[in-house]
Number of protein chains: 2
Amino acid sequence: MRDERRATLTDVATRAGVSKSLVSLVMRDEPGASPETRRRVLDAAAALGYHPDSRARLLRSGRSRLLGVVFGIQHPFHADLVTGLYSAARETGYELALSAVTPERDESEAIRGLLQDRCEALILLGPESRTAALTRLAERLPVVVLARSVRGPDLDVIRTADATGLALAVDHLVALGHRRIAHIDGGRAPGAADRRRGYRQAMHRHGFDAEIRIVPGGLTEEDGARAAEALLGDLPTAVTVFNDRCATGVLDVFNRNGIQVPGTVSVVGYDDSSLARLAHINLTTIAQDVPAMTRQALARAIARLEDTPITARESIVPPHLVIRGTSAPPS
Amino acid sequence: MRDERRATLTDVATRAGVSKSLVSLVMRDEPGASPETRRRVLDAAAALGYHPDSRARLLRSGRSRLLGVVFGIQHPFHADLVTGLYSAARETGYELALSAVTPERDESEAIRGLLQDRCEALILLGPESRTAALTRLAERLPVVVLARSVRGPDLDVIRTADATGLALAVDHLVALGHRRIAHIDGGRAPGAADRRRGYRQAMHRHGFDAEIRIVPGGLTEEDGARAAEALLGDLPTAVTVFNDRCATGVLDVFNRNGIQVPGTVSVVGYDDSSLARLAHINLTTIAQDVPAMTRQALARAIARLEDTPITARESIVPPHLVIRGTSAPPS
DNA sequence: CGCAAATACTGGAACGTTCCAGACTCCATC
DNA sequence: GATGGAGTCTGGAACGTTCCAGTATTTGCG
């Protein structure tokens with residue numbers, strides 16, 4: 001039967017012939033037990049298949065050592081971030097609790113779930129909640145916002161220098177000889193405003209104000225496809241796109257309409273998500289530094305919990321350009 | 001400060017002038033309190049911003065009411081399944097705990113995490129562990145395997161009739177007039193063997209044994225692209241593909257090479273993931289019945305926990321054909 | 001009117017840990 | 001030979017709940 005009561009500290013203690021306090025020490029690897037008894041205790045624990053009960057442990061110690069992560073399950077870039085967060089959490093002594101935003105489960109519900117689990121801090125990936133709601137949340141527990149730009153008194157923000165990212169893209173294209181460069185934007189998605197601004201400033205810097213052309217897009221393949229169709233009548237020689245997902249939609253429509261990429265039009269994406277790296281897509285893109293961002297997000301959350309003094313609330317990670325096969329000189 | 005001790009049952013009790021037992025009753029919506037006091041207690045709780053501490057609650061009641069879900073974070077179809085699971089869990093009184101498999105965090109690690117959280121049962125999405133490992137796991141707690149075919153004494157399996165699915169695809173294409181139909185398979189991915197078999201049997205049933213052609217593929221866009229390139233030299237008039245993700249890779253390569261879909265080649269995918277539904281992809285595909293599968297998976301897990309007698313261990317959900325824009329009569 | 005049954009409520013033990021104060025042994029030091 | 005400080009180890013309280021066995025109080029019915 002699987003119902004036989006699972007072993008507890010007391011069981012291990014009686015089997016090893018010591019007190020439960022001692023077993024507790026040994027299990028936590030604290031000093032205060034002789035090597036010999038330590039040995040005996042560990043043997044007993046192994047024999048009984050003992051695993052500490054995290055609930056009881058956390059109840060008593062008053063901490064959960066749990067960091068809540070809210071992410072969009074449909075979002076490939078969030079997948080990359082979650083991957084990074086797991087790796088970054090590995091040696092910290094904290095665990096991650098995931099809570100997904102789905103089409104039928106909104107952000108506030110995802111957050112509520114994590115609060116009930118007694119997470120000590122929250123890491124939100126590109127949250128869509130209003131600033132006011134985030135600020136209120138941050139009064140309860142440390143909140144780190146990843147990949148979105150927000151200003152709030154208690155909010156920590158880790159994000160990419162999105163304006164710089166778009167400048168990199170434009171500079172790259174200009175260096176190749178382009179000047180008719182359009183931008184397919186992300187609407188009200190997190191980061192979209194900055195990227196739009198970066199595009200506009202870079203074009204201005206190169207003296208191409210007259211060529212500035214912003215096409216409404218969005219963050220899905222579908223939005224990209226729609227935007228690309230809108231471009232068909234009057235093609236630029238290059239396009240910078242809000243993100244990789246949207247860019248694949250653009251590529252797809254171009255392919256279908258016999259438009260050569262990068263021959264006729266160059267395309268630059270954003271995120272360097274696993275999508276862009278696929279050999280047949282092979283998308284030139286702006287890479288967000290996922291390892292750095294996730295490492296910082298975690299470090300920040302932990303620092304807040306342990307009252308390590310931090311000066312800056314906002315940390316801006318530089319992006320870099322990844323040149324692949326969708327950008328070339330104009331023909 | 002956010003450190004002010006959070007309110008407990010006792011706090012609410014003293015404020016409402018009752019015992020903590022009574023407050024406990026009220027919070028759990030159990031009978032045994034007069035409407036009037038119930039009111040008073042709820043008011044007091046609200047005033048103190050009281051939220052029950054799940055750890056203590058679970059410690060005492062000996063249950064966690066937590067169902068662990070292991071999923072692949074890079075996998076779009078898993079995203080659909082997780083979405084379904086959340087919806088299905090809504091009214092059950094159980095909560096989901098997600099644990100992701102990432103390129104750097106393997107399945108056994110994901111499972112270990114959930115066990116520590118005291119999940120009562122596990123739902124594994126297309127698990128890659130060996131049957132032996134799954135069987136061993138199922139000795140400890142109820143395990144429901146979703147979207148993979150396994151045989152094990154204590155394992156519950158909910159899966160799509162994958163062979164039937166491929167038969168539907170082939171029948172559809174044959175009805176359109178195709179006979180040179182190839183299959184791009186999924187290698188050793190969960191479900192691949194059944195789909196391959198379904199393809200072969202359907203072709204045989206139509207008397208097209210001579211046309212059977214199985215091309216090695218895989219489950220990513222990249223695998224599909226590679227397989228499509230292998231087909232270029234000797235095109236069939238139609239292709240059935242292991243899954244939608246792989247199919248988009250196929251479509252992409254066809255597009256790039258000026259091959260009309262569905263004019264020259266028809267393409268049928270598998271999963272009806274959100275990918276297939278995108279307007280510009282518009283992929284004819286075999287839909288797995290995600291709502292039914294997730295509902296059943298949840299029901300099964302809960303039934304095991306509550307000792308509801310169940311006869312069948314394996315439940316096979318019928319798939320159905322979704323006709324979109326990538327299939328048409330051969331030209 | 002009296003007695004059982006229902007309703008409303010209380011007190012305290014338990015869940016499996018961690019934490020604290022103390023107890024015992026052993027050995028070096030004065 | 002007492003003193004004291006490591007080094008080990010123990011017992012019991014506490015964490016915030018739920019559960020159980022009760023105690024009042026009210027109600028229903030012959």
Side-chain angles (χ1 to χ4, degrees), chain A residues 3-45 48-66 93 95 115-120, chain B residues 3-45 48-66 93 95 115-120:
Chain A
D3 307 67
E4 38 180 307
R5 219 171 43 53
R6 59 182 308 142
T8 88
L9 263 193
T10 320
D11 298 334
V12 179
T14 50
R15 183 176 234 263
V18 295
S19 70
K20 48 194 184 80
S21 314
L22 222 236
V23 178
S24 177
L25 281 187
V26 173
M27 296 317 290
R28 280 174 295 147
D29 248 340
E30 302 256 308
S34 69
E36 187 205 346
T37 28
R38 194 174 288 271
R39 185 57 186 249
R40 254 204 352 272
V41 169
L42 287 175
D43 285 352
L48 293 173
Y50 169 77
H51 288 280
D53 184 325
S54 47
R55 296 181 313 236
R57 161 178 298 192
L58 301 174
L59 171 58
R60 170 59 232 204
S61 57
R63 303 202 44 181
S64 72
R65 302 204 146 260
L66 219 51
E95 302 248 309
L115 291 178
Q116 276 203 337
D117 292 346
R118 289 297 192 267
C119 288
E120 298 184 16
Chain B
D3 308 68
E4 39 180 308
R5 217 171 45 53
R6 58 182 308 142
T8 88
L9 261 193
T10 321
D11 298 332
V12 179
T14 48
R15 182 177 233 264
V18 294
S19 71
K20 50 196 181 80
S21 315
L22 221 242
V23 178
S24 176
L25 281 187
V26 173
M27 296 316 292
R28 279 174 296 145
D29 247 339
E30 301 255 310
S34 68
E36 188 204 345
T37 26
R38 194 175 289 271
R39 184 58 185 250
R40 247 195 10 262
V41 169
L42 288 176
D43 285 351
L48 293 174
Y50 169 78
H51 288 281
D53 183 327
S54 47
R55 300 181 309 238
R57 163 177 296 191
L58 301 174
L59 170 58
R60 170 59 232 206
S61 56
R63 303 201 45 180
S64 72
R65 299 204 148 263
L66 219 51
E95 303 248 309
L115 291 178
Q116 275 203 339
D117 292 344
R118 289 299 193 264
C119 287
E120 299 185 15

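Convention: sequence-line order gives letters A, B, ...; per-chain numbering from 1. Please read all numbers here as calculations on a predicted model, not as lab measurements. Only heavy atoms go into these numbers, but all of them, side chains included; no hydrogens, no water, no symmetry mates.
Protein atom CG of A/Leu9 is 9 Å distant from nucleotide atom C1' of C/dT18, rounded to whole Å. In this structure, CD of B/Glu30 is placed 10 Å from C1' of D/dT18, rounded to the nearest angstrom. If you take CG of B/Leu48 and P of D/dG16, they are 14 Å apart, rounded to a whole angstrom.
Within the 4.5 Å cutoff, no side-chain heavy atoms of B/Leu59 are placed close to those of A/Arg57.
Phosphate contact (OP1/OP2 of C/dC19, side-chain N/O of A/Arg28, threshold under 4.0 Å): present.
For B/Glu95, the side chain to side chain contact (heavy atoms under 4.5 Å, CB included) criterion is met by A/Gln116, B/Leu66, not counting sequence neighbours. Remark: B/Arg55 engages B/Asp53 in a side-chain hydrogen bond (donor to acceptor under 3.5 Å, both in side chains) (not counting sequence neighbours). Looking at residues two or more places apart in sequence or on another chain, you find a side-chain hydrogen bond (donor to acceptor under 3.5 Å, both in side chains) between A/Ser24 and A/Arg28. The salt bridge (charged side-chain N to carboxylate O under 4.0 Å, His left out) search around A/Arg63 returns A/Glu120, not counting sequence neighbours. Evaluation of the side-chain hydrogen bond (donor to acceptor under 3.5 Å, both in side chains) rule for A/Thr37 yields A/Ser34 as partners, not counting sequence neighbours.
For the segment residues 51-63 of chain B, residues with any heavy atom less than 4.0 angstrom from an atom of DNA chain C are, sorted by number, B/Leu59, B/Arg60.
Interatomic distance, CG of B/Leu58 versus CZ of B/Arg118, reported as 11.5 Å (0.5 Å rounding).
Surrounding CD of B/Glu36 are at most 12 heavy atoms belonging to other residues, nucleotides or ligands under 6.0 Å away.
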Scan the side chains in residues 12-21 of chain A for donor-acceptor partners under 3.5 Å anywhere in the protein, sequence neighbours excluded, and list what turns up.
residue	atom	partner	partner atom	Å
A/Thr14	OG1	A/Thr10	O	3.2
A/Thr14	OG1	A/Asp11	O	2.9
A/Ser19	OG	A/Leu22	N	3.3

Listed pairs, N/O of protein and of nucleotides 4-6 of chain D, under 3.5 Å:
none

Would you list the protein and nucleotides 8-12 of chain C atom pairs, both N or O, that sit under 3.5 Å from each other?
residue	atom	partner	partner atom	Å
C/dC9	OP1	B/Thr37	OG1	3.3
C/dC9	OP2	B/Ser34	N	2.9
C/dC9	OP2	B/Ser34	OG	3.3
C/dC9	OP2	B/Thr37	OG1	2.6
C/dT10	OP2	B/Ser19	N	2.8
C/dT10	OP2	B/Ser19	OG	3.0
C/dG11	N7	B/Ser21	OG	3.1
C/dG11	O6	B/Ser21	OG	2.6
C/dG12	O6	B/Ser21	OG	3.2

Base versus backbone protein contacts along nucleotides 21-27 of chain D [heavy-atom cut-off under 4.0 Å; B, S, -]
-------
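Within the helix from C/dC1-D/dG30 to C/dC30-D/dG1, the inter-axis angle between the opening and closing five-pair segments is 50°, rounded to 10°.
Across all non-hydrogen atoms, the minimal contact from B/Met27 to B/Ala45 is SD-CB, 4.4 Å.
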